[in-house]
S.K.: 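Before I ask anything, let me first share the structure, which is written out below as C-alpha cells.
Start at 1 and go down the list; that is how both ligands and their atoms are numbered. Along the sequence shown, residues are numbered consecutively beginning with 1.
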Amino acid sequence: MRSTTPPRTYRVKSFGCQMNVYDGERMAELLAEQGITPAPDGEDADLVVLNTCHIREKAAEKVYSDIGRLRREDGTSPLIAVAGCVAQAEGEEIMARAPSVSMVVGPQAYHRLPQLVADAAAGKRATDTDMPAATKFDVLPTRRRAGATAFLTVQEGCDKFCTYCVVPYTRGAEISRPFRDLIQEAEALITAGAREITLLGQNVNAWSGEDDKGRAIGLDGLIRALANLPDLARIRYTTSHPNDVTDGLIAAHGEIDKLMPYLHLPVQSGSDPVLKAMNRSHTAESYIKVLERFRAARPDIALSGDFIVGFPGETEDDFAATLDLVDAVGYAQAYSFKYSARPGTPAATMDGHIAAEVMDDRLQRLQSAINRDQMAFNTSSIGKTCDVLVERHGRKPGQWLGKSPWLQSVHFIGQAQIGDLVRVELIEAGPNSLSGQPVPLDAYSVS
Ligand code: 5AD
Ligand code: SF4
C-alpha cells in the first residue's frame with residue numbers, strides 16, 4: 001500500500017558515480033528545506049529516494065529488488081521516489097511495474113522534488129524526466145553542510161557518444177555551469193567546513209566559461225580561481241576525457257600547489273581497433289603521450305583509469321594490448337568492468353558479443369595486473385612524508401582516517417580533528433590503504 005501522509009523523515013540512497021552522490025546531497029538539502037528531516041540510522045523513513053545508476057549490469061533489476069525491500073512487515077511502504085539515471089531511462093516502465101513507487105524524477109528535474117512529494121502525499125503519482133533548458137542549479141538551495149571533502153558538480157552531460165555508454169542519453173548534452181555560480185557554491189562549501197573540493201563532471205575537463213573579467217577560461221582557469229580561496233586546501237577533479245586535455249590543465253598540475261597530484265583519465269582499452277569501435281577518438285599511443293605530459297609537469301602524479309573488458313569483437317590480442325598498456329602506464333589505481341550491453345546504445349547491437357566466461361577470465365587477469373601496480377605504488381610511498389586531510393575517526397581509539405595527496409587512504413593514531421591537515425610519515429602499505437605516523441611540527445619545519 002502506497003503511503004499518502006506528508007513525510008516527516010527521509011532517506012536518500014545513492015548508487016553509482018560521484019555525480020549521483022552530489023545529486024543525492026542536493027536532494028537531501030531540498031527535502032530538509034521543506035522541514036523533512038533525515039531518518040535516524042536503523043529507523044524507517046517516511047520518504048525514500050532511490051538515486052539510481054544505469055551505467056552497467058542489471059541496474060534496473062536492482063531498483064525493483066530495492067523497491068521490494070522497502071515494503072514493511074505490515075504491508076505498507078514509505079513514499080518512494082526513484083531518481084537518477086534509471087529513472088531517466090526507464091521512468092514509464094518503473095511506474096507501470098512498481099505500484100508502490102509514487103515519483104520518478106530524472107537527473108535534470110530533481111529540483112522539482114518538493115512539488116512531487118507534496119503531490120505524492122496527496123495521492124498523486126508523477127513522472128518528471130524533463131531536461132529543461134533552465135538548469136536545476138538556479139533553484140537549488142545554498143549549500144549549508146559539508147564534510148572535510150566536498151563534491152561540486154561543474155559540468156554535466158556528455159557529447160562524446162562512446163558506443164557502449166548510456167550517459168549521453170540519461171544525462172543529456174554537455175553543459176558547463178557558470179563561473180560565478182561555482183565560485184559562490186565553493187565559498188558556501190568552505191564556510192560549511194570543506195577543506196577539499198572535488199570538481200565533478202562526466203567530462204569535467206570540457207568545462208568552459210567566462211571569468212569575472214569576461215575572459216574565456218577552461219577548467220584550469222576555474223582551478224586557478226578556486227586556488228585563490230584562502231581556506232580551501234585541496235582541489236581535485238574527475239572524470240576527464242583524453243581528448244579534452246589542454247596545455248593549461250597540464251601546466252596547472254606543475255604550478256598550483258592546491259591542485260592534488262592525481263589524475264583519473266579513463267582509456268577503456270589498449271587496443272586501437274577496439275578504441276575505434278568504442279568511438280573513443282584517441283589511440284593507445286596518444287593516450288600514453290598525454291599521460292607522459294602530465295608526468296613531465298608533475299612527476300609524482302598518481303594515475304588512475306577505467307577499463308572495459310569484453311567489448312563486442314575484443315580478441316585475445318586486443319586484450320593483450322590492454323595488459324600491455326597497463327604495464328606501460330603503471331597505474332596507482334584503476335577501475336575495470338565487464339562490458340554490459342546497454343539498451344539503445346550502438347554497441348548493444350554490434351556483432352561479436354563475448355562469452356561470460358571469457359569476460360570473467362579477462363577481468364580477473366586485468367584486475368590482478370592493476371592490483372599488482374596499486375600495491376607497488378603504495379609500497380613506493382613508504383618513507384614519504386605528506387599531509388593527510390583528516391576525514392573521519394578510525395575504528396581504533398585515537399585513530400584517524402584521511403587521504404594523502406595521491407588519494408590513498410591513510411590511517412594514523414594521534415591528535416587531530418576532522419578537516420585538519422596532518423603531516424605524517426607513511427610507514428606501512430597495504431593494497432588499499434597505508435598507515436602513517438604523525439611527524440612533529442618542528443621536524444616538519446626543518447625538512
Ligand atoms: N559496460 C561496462 N562498463 C561501462 N562503463 C560505461 N559504460 C559501460 C558499459 N556499457 C564504464 C566505463 C566508464 C565508467 C564510468 O563505466 O569504463 O569510464
Ligand atoms: Fe560515456 Fe564516453 Fe561520455 Fe564517458 S566520454 S560519459 S564513457 S560517452
S.K.: Scan Lys403, Gln333, Arg236 and name whichever one has a side-chain hydrogen bond (donor to acceptor under 3.5 Å, both in side chains) with Tyr262.
M.R.: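 Testing each of Lys403, Gln333, Arg236 against Tyr262, the sole residue satisfying side-chain hydrogen bond (donor to acceptor under 3.5 Å, both in side chains) is Gln333.
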S.K.: Taking atom CD of Glu255 as the centre, does the number of heavy atoms from other residues, nucleotides or ligands within less than 6.0 Å exceed 12?
M.R.: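 Enclosed: over 12 neighbouring heavy atoms sit under 6.0 Å from CD of Glu255.
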S.K.: Between Asn243 and Ser281, do the side chains contain a donor N or O and an acceptor N or O under 3.5 Å apart?
M.R.: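 Indeed, the side chains of Ser281 and Asn243 share at least one donor-acceptor pair under 3.5 Å.
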S.K.: Mind checking whether Ile55 contacts ligand 1 via backbone (N, CA, C, O), side chain (CB onward), both or neither, at a 4.0 Å heavy-atom cut-off?
M.R.: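 Ile55 to ligand 1: contacts from backbone and side chain alike.
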S.K.: Under the criterion ring-ring contact (aromatic ring centres under 6.0 Å, His included), which of Tyr331, Tyr335, Tyr237 is the partner of His264?
M.R.: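 The ring-ring contact (aromatic ring centres under 6.0 Å, His included) with His264 is passed solely by Tyr335 among Tyr331, Tyr335, Tyr237.
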S.K.: Hey, which atoms in ligand 2 end up nearer than 4.0 Å to a heavy atom of Pro168?
M.R.: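 With Pro168 as reference, the close atoms of ligand 2 come out as 8 (S).
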S.K.: Could you go through Asp244 and Lys160, starting from their C-alpha distance and side-chain angles, then the distance that decides it, and tell me whether this counts as salt bridge (Lys or Arg N to Asp or Glu O under 4.0 Å)?
M.R.: CA-CA 11 Å; Asp244 290 325; Lys160 301 281 186 294; 2.7 Å; yes
S.K.: Just which atoms of ligand 1 are under 4.0 Å from any heavy atom in Arg56?
M.R.: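 Numbered from 1, ligand 1 contributes 1 (N), 2 (C), 3 (N), 4 (C), 5 (N), 11 (C), 14 (C), 16 (O).
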S.K.: Heavy-atom pairs closer than 4.0 Å: do any link ligand 1 to the side chain of Tyr164, the backbone, both, or neither?
M.R.: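 Looking at Tyr164 and ligand 1, atoms from backbone and side chain both fall under 4.0 Å.
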S.K.: Do the side chains of Glu314 and Arg362 get close enough for a salt bridge, i.e. N-O under 4.0 angstrom?
M.R.: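 Salt bridge flag = yes for Arg362 with Glu314.
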S.K.: Mark up the atoms of ligand 1 that fall under 4.0 Å of a heavy atom belonging to Gln268, in ascending order.
M.R.: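 Ligand 1 atoms under the 4.0 Å threshold to Gln268: 12 (C), 13 (C), 17 (O), 18 (O).
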S.K.: Using a strict cut-off of 4.0 Å, indicate which atoms of ligand 1 neighbour a heavy atom of Arg342.
M.R.: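 It comes down to these atoms of ligand 1: 10 (N).
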S.K.: I'd like to check atom 5 (S) of ligand 2 in this structure: does the protein have a heavy atom lying under 4.0 Å from it?
M.R.: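 At least one protein heavy atom is under 4.0 Å away.
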S.K.: Look at atom 1 (Fe) of ligand 2 and say which protein heavy atom is nearest, naming residue and atom and giving the distance to 0.1 Å.
M.R.: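 Nearest neighbour among protein heavy atoms for atom 1 (Fe) of ligand 2, to 0.1 Å: Cys165 SG, 2.2 Å.
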S.K.: Starting from atom 15 (C) of ligand 1, locate the nearest protein heavy atom and write down its residue, its atom name and how far away it is, to 0.1 Å.
M.R.: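 Among all protein heavy atoms, the one nearest atom 15 (C) of ligand 1 is Asp306 OD2, 3.7 Å.
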S.K.: Tell me: protein heavy atom nearest atom 7 (S) of ligand 2, and distance?
M.R.: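 Nearest neighbour among protein heavy atoms for atom 7 (S) of ligand 2, to 0.1 Å: Tyr164 OH, 3.2 Å.
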S.K.: If the plane angle is over 60° it's perpendicular, under 30° parallel, otherwise tilted; pick one for Phe179 and Trp207.
M.R.: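 Phe179 and Trp207: tilted rings.
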S.K.: Taking heavy atoms and a distance under 4.0 Å, where does Pro266 meet ligand 2: side chain, backbone, both or neither?
M.R.: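 Near ligand 2, Pro266 shows nothing, with every heavy atom at 4.0 Å or more.
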S.K.: Just wondering, are more than 12 heavy atoms of other shown residues or ligands nearer than 6.0 Å to CZ in Arg372?
M.R.: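 Counting neighbours around CZ of Arg372, more than 12 heavy atoms of other residues, nucleotides or ligands fall under 6.0 Å, so yes.
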S.K.: Atoms of ligand 2 less than 4.0 Å from His241 heavy atoms?
M.R.: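 Contacts of ligand 2 toward His241, numbered from 1: 5 (S).
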S.K.: What's the shortest distance from atom 4 (C) of ligand 1 to any protein heavy atom, and which residue and atom give it?
M.R.: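 Result for atom 4 (C) of ligand 1: Ile308 CD1, 3.6 Å.
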S.K.: Is it the side chain (CB and beyond), the backbone, both or neither of Lys338 that lies under 4.0 Å from ligand 1, heavy atoms counted?
M.R.: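 Lys338 to ligand 1: backbone contact only, side chain stays beyond 4.0 Å.
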S.K.: Within 2.8 Å of atom 2 (Fe) of ligand 2, is there any N, O or S atom belonging to Cys158?
M.R.: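 Checking atom 2 (Fe) of ligand 2 against Cys158, no N, O or S atom falls under 2.8 Å.
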S.K.: For atom 8 (S) of ligand 2, grab the closest protein heavy atom and report residue, atom and distance to one decimal in Å.
M.R.: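 Protein heavy atom with the smallest distance to atom 8 (S) of ligand 2: Cys162 N, 3.3 Å.
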S.K.: Using a strict 4.0 Å cut-off to heavy atoms of Tyr339, name the atoms of ligand 1 that fall inside it.
M.R.: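 Under 4.0 Å from Tyr339, ligand 1 has these atoms: 1 (N), 2 (C).
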S.K.: Kindly determine whether His393 and Trp400 satisfy ring-ring contact (aromatic ring centres under 6.0 Å, His included), including the steps that lead there.
M.R.: CA-CA 5 Å; His393 292 279; Trp400 296 96; 4.3 Å; yes
S.K.: Could you label the plane-to-plane angle of the Tyr169 and Phe161 rings as parallel, tilted or perpendicular, counting under 30° as parallel and over 60° as perpendicular?
M.R.: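 Ring orientation of Tyr169 relative to Phe161: perpendicular.
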S.K.: Looking at Tyr110, is Arg26 sitting on its ring face, NZ or CZ under 6.0 Å from the six-membered ring centre and within 45 degrees of the normal?
M.R.: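 No cation-pi geometry.
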S.K.: Report the nearest protein non-hydrogen atom to atom 10 (N) of ligand 1: residue, atom name, distance rounded to 0.1 Å.
M.R.: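 Checked against all protein heavy atoms, atom 10 (N) of ligand 1 sits closest to Ser340 O, 2.8 Å.
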